[in-house]
Amino acid sequence: MRAALVQLSVTDEPAANLPVTLGFVQEAIAAGAGFVLTPEATNILSSDRAHQRAVLHPEATDPTLAALRAEAARAGIWLLIGSLALKTDDADGRFANRSFLIAPDGSISARYDKIHMFDVDVSETERYRESEGYRPGTSAVVAKTPFARLGLSVCYDLRFPYLYRALAHAGAEVLTVPAAFNDTTGRAHWEPLLRTRAIENGAYVLAPAQCGTHAAHGGRPRRTHGHSLAVAPWGEVLVDGGTEPGVHLVEIDLAEVARARARVPSLSHDRPFAKPAP
């Protein structure tokens, strides 16, 4: 399977982001990709909750989701929409950060709501509270396709290895990690964490990312790290998307998953143990 990582630098206006995303998806299709992946926050990157409430939609009427489903059906490809910010019916008004796997007929094959919320103080001047605007998901997801079993995750999930272990034990051969990774932490941790998740589970890791400086409606601009990565099951970096928007192709061969897992069969060596007292 030829996969394509789409690297974006979205604004806080979904209507402006959609044609750019469609253009890159079409470029990937023209290059022969049968599986195309976009980053987290494909439709918008914004911390202004009032602005989000004004421009976002629920899943049923979201224009980005509808257009990308139509494009997948037109081209007959599998498409992972890394995530969309969507309105929900939650009483507290929080949004969903939801990843979608779209089948070649345009249907939604799987959904995954990001479980781990990025609530951190990176520095004295850089603070994030994702849980103030987004509700966390509660269920891990493995999706079956004709070319691989996919373990779905989003961005900050990357720091929680037990999630990926559960996905691998549930049969995942390819781990998807669409992200809008903070530039400060990305420079320090992005590649090592992705390579580790691949190595410890003997799985491909496909991580399409946001890059550059993003407009902020009434607030401070935000920088994301870029460097969309594809990592082989033995830990080699196969693709590095650098720091500019674009499309990056990689060939996926499940024989490499079987080979890595045969060489170091750690998935069969997990053992229960008593946890130490805090």
Inset, instruction - With rounding to the nearest 0.5 Å, note down the distance linking OG in Ser99 to CG in Leu80. - result: 4.0 Å
Inset, instruction - Start with the C-alpha distance between Phe100 and Arg69, add both sets of side-chain angles, then the distance that settles side chain to side chain contact (heavy atoms under 4.5 Å, CB included), and finish with yes or no. - result: CA-CA 10 Å; Phe100 293 90; Arg69 289 180 65 182; over 6 Å; no
Inset, instruction - Taking His225 for its side chain and Asn182 for its backbone only, find out whether a donor-acceptor pair lies under 3.5 Å. - result: no
Legend entry - Heavy-atom pair with the smallest gap, counting every atom of Val36 and Ala28: CG2-CB, 3.9 Å
Inset, instruction - Have a look at Leu65 and tell me which of Ile108, Asn43, Leu86, Thr42 forms a side-chain contact (heavy atoms from CB on, under 4.5 Å) with it. - result: Ile108
Can I get a per-line list of side-chain donor-acceptor pairs under 3.5 Å for residues 230-247, giving both atom names and the distance, sequence neighbours left out?
from   : atom 1 : to     : atom 2 : distance (Å)
Asp240 : OD1    : His227 : ND1    : 2.8
Asp240 : OD1    : Gly242 : N      : 2.9
Asp240 : OD2    : His227 : ND1    : 3.4

Inset, instruction - May I ask whether Ile29 and Leu5 are part of the same hydrophobic cluster, defined by side-chain heavy atoms of I, L, V, M, F, W, Y residues being less than 4.5 angstrom apart, directly or through others? - result: no
Legend entry - Donor-acceptor contact below 3.5 Å, side chain Ser228 vs main chain Ala209: yes
Inset, instruction - Could you tell me whether the side chain of Glu130 and the main chain of Phe118 form a donor-acceptor pair under 3.5 Å? - result: yes
Inset, instruction - Indicate if Leu254 and Met1 have the same hydrophobic cluster label, given that clusters are the connected sets of ILVMFWY residues with side-chain heavy-atom separations under 4.5 angstrom. - result: yes
Legend entry - Residues in side chain to side chain contact (heavy atoms under 4.5 Å, CB included) contact with Arg159, at least two apart in sequence or another chain: Tyr156, Phe181, Thr185, His189, Leu193
Side-chain donor-acceptor pairs under 3.5 Å in residues 145-152, sequence neighbours left out?
from   : atom 1 : to     : atom 2 : distance (Å)
Thr145 : OG1    : Phe147 : N      : 3.2
Thr145 : OG1    : Ala148 : N      : 3.0
Thr145 : OG1    : Ala148 : O      : 2.6

Legend entry - Contacts of Tyr112 that satisfy side chain to side chain donor-acceptor pair (under 3.5 Å) - sequence neighbours left out: Asp157
Legend entry - Pair Asp121 + Arg129: basic N to acidic O under 4.0 Å: yes
Legend entry - Pairwise side-chain contact, Tyr134 with Met117, heavy-atom cut-off 4.5 Å (strictly under): yes
Inset, instruction - Please answer whether the main-chain N or O of Pro58 pairs with a side-chain N or O of Asp62 as donor and acceptor at a distance below 3.5 Å. - result: no
Inset, instruction - Would you check if Val174 and Ile252 make a side-chain contact, meaning some heavy-atom pair closer than 4.5 Å? - result: yes
Legend entry - Leu79 CG to Ile102 CD1 distance, which is reported to the nearest 0.5 Å: 6.0 Å
Inset, instruction - Could you tell me whether the side chain of Asp48 reaches within less than 4.5 Å of the side chain of Gln52, counting heavy atoms only? - result: no
Inset, instruction - Kindly compute the distance separating CD (Gln210) from CG (Asp183), expressed to the nearest 0.5 Å. - result: 13.0 Å
Inset, instruction - Applying side chain to side chain donor-acceptor pair (under 3.5 Å), name anything that partners His248, two or more places apart in sequence or on another chain. - result: none
Inset, instruction - Taking the side chain as every heavy atom from C-beta outward, state whether Arg222 and Tyr128 have any atom pair closer than 4.5 Å. - result: yes
Legend entry - Value rounded to 0.5 Å, distance of CG in Leu45 from OG1 in Thr224: 6.5 Å
Legend entry - Under 3.5 Å: donor-acceptor pair, side chain of Asp119, backbone of Ser131: yes
Legend entry - Side-chain (Arg98) to main-chain (Leu84) donor-acceptor, under 3.5 angstrom: no
Inset, instruction - Keeping the roles fixed (side chain from Arg111, backbone from Leu101), state whether a donor-acceptor pair exists under 3.5 Å. - result: no
Legend entry - Atom of Val141, atom of Ala110 and distance for their closest heavy-atom approach: CG1-CB, 4.2 Å
Legend entry - side chain to side chain contact (heavy atoms under 4.5 Å, CB included) between His169 and Asp270, worked out: CA-CA 10 Å; His169 276 301; Asp270 283 329; 2.5 Å; yes
Inset, instruction - Taking the side chain as every heavy atom from C-beta outward, state whether Arg94 and Pro136 have any pair of such atoms under 4.5 Å apart. - result: yes
Legend entry - Nearest non-hydrogen partners of Arg2 and Ala31, listed with the distance: NH1-O, 2.8 Å
Inset, instruction - Flag the pair Leu37 / Thr176 as yes when at least one side-chain heavy-atom distance between them is below 4.5 Å, and no otherwise. - result: yes
Inset, instruction - Enter the distance from Lys87:NZ to Thr61:OG1 here, rounded to the nearest 0.5 Å. - result: 8.5 Å
Inset, instruction - Taking the side chain as every heavy atom from C-beta outward, state whether Trp78 and Ser109 have any pair of such atoms under 4.5 Å apart. - result: yes
Inset, instruction - List, by chain and then residue number, the residues other than Ile199 in its hydrophobic cluster (Ile/Leu/Val/Met/Phe/Trp/Tyr, side-chain heavy atoms under 4.5 Å); write none if there are no others. - result: none
Legend entry - Shortest non-hydrogen contact from Leu22 toward Ala67: CD2-O, 4.1 Å
Inset, instruction - Kindly indicate whether the side chain of Cys155, heavy atoms from C-beta on, has any atom under 4.5 Å from the side chain of Lys114. - result: yes
Inset, instruction - Spell out, yes or no, whether Leu167 and Leu229 are grouped together once hydrophobic residues are joined by side-chain heavy atoms under 4.5 Å, including indirect joins. - result: yes
Inset, instruction - Return the orientation label for the His116 and Tyr162 ring planes: parallel under 30°, perpendicular over 60°, tilted otherwise. - result: perpendicular
Inset, instruction - Test Val154 against Val177 for side chain to side chain contact (heavy atoms under 4.5 Å, CB included), laying out the working first. - result: CA-CA 5 Å; Val154 176; Val177 194; over 6 Å; no
Inset, instruction - Is it possible for you to say whether Val142 and Leu158 belong to one hydrophobic cluster, with membership spreading through side-chain heavy-atom contacts below 4.5 Å? - result: yes
Legend entry - Flag, side chain of Thr213 to backbone of Pro221, donor-acceptor distance under 3.5 Å: no
Legend entry - Whether Arg165 side chain and Glu200 backbone form a donor-acceptor pair below 3.5 Å: yes
Legend entry - Spacing of Arg223 atom CZ and Ser9 atom OG [to the nearest 0.5 Å]: 8.5 Å
Inset, instruction - Determine the minimum heavy-atom distance between Ser83 and Asn97, stating which atoms define it. - result: OG-OD1, 2.6 Å
Legend entry - N-O pairing of Arg49 and Glu132 below 4.0 Å: no
Legend entry - Test log, rule side chain to side chain contact (heavy atoms under 4.5 Å, CB included), inputs Arg135 and Phe95: CA-CA 6 Å; Arg135 66 180 193 192; Phe95 309 111; over 6 Å; no
Inset, instruction - Work out which heavy atom in Ala4 is nearest to a heavy atom in Ala33; give both atom names and the distance. - result: CB-CB, 3.7 Å
Inset, instruction - Would you check if the side chain of Asn17 reaches a backbone N or O of Thr11 as a donor-acceptor pair within less than 3.5 Å? - result: yes
Inset, instruction - Using the rule that two of Ile, Leu, Val, Met, Phe, Trp, Tyr join whenever any of their side-chain heavy atoms come within less than 4.5 Å, decide whether Val6 and Phe35 are in one cluster. - result: no
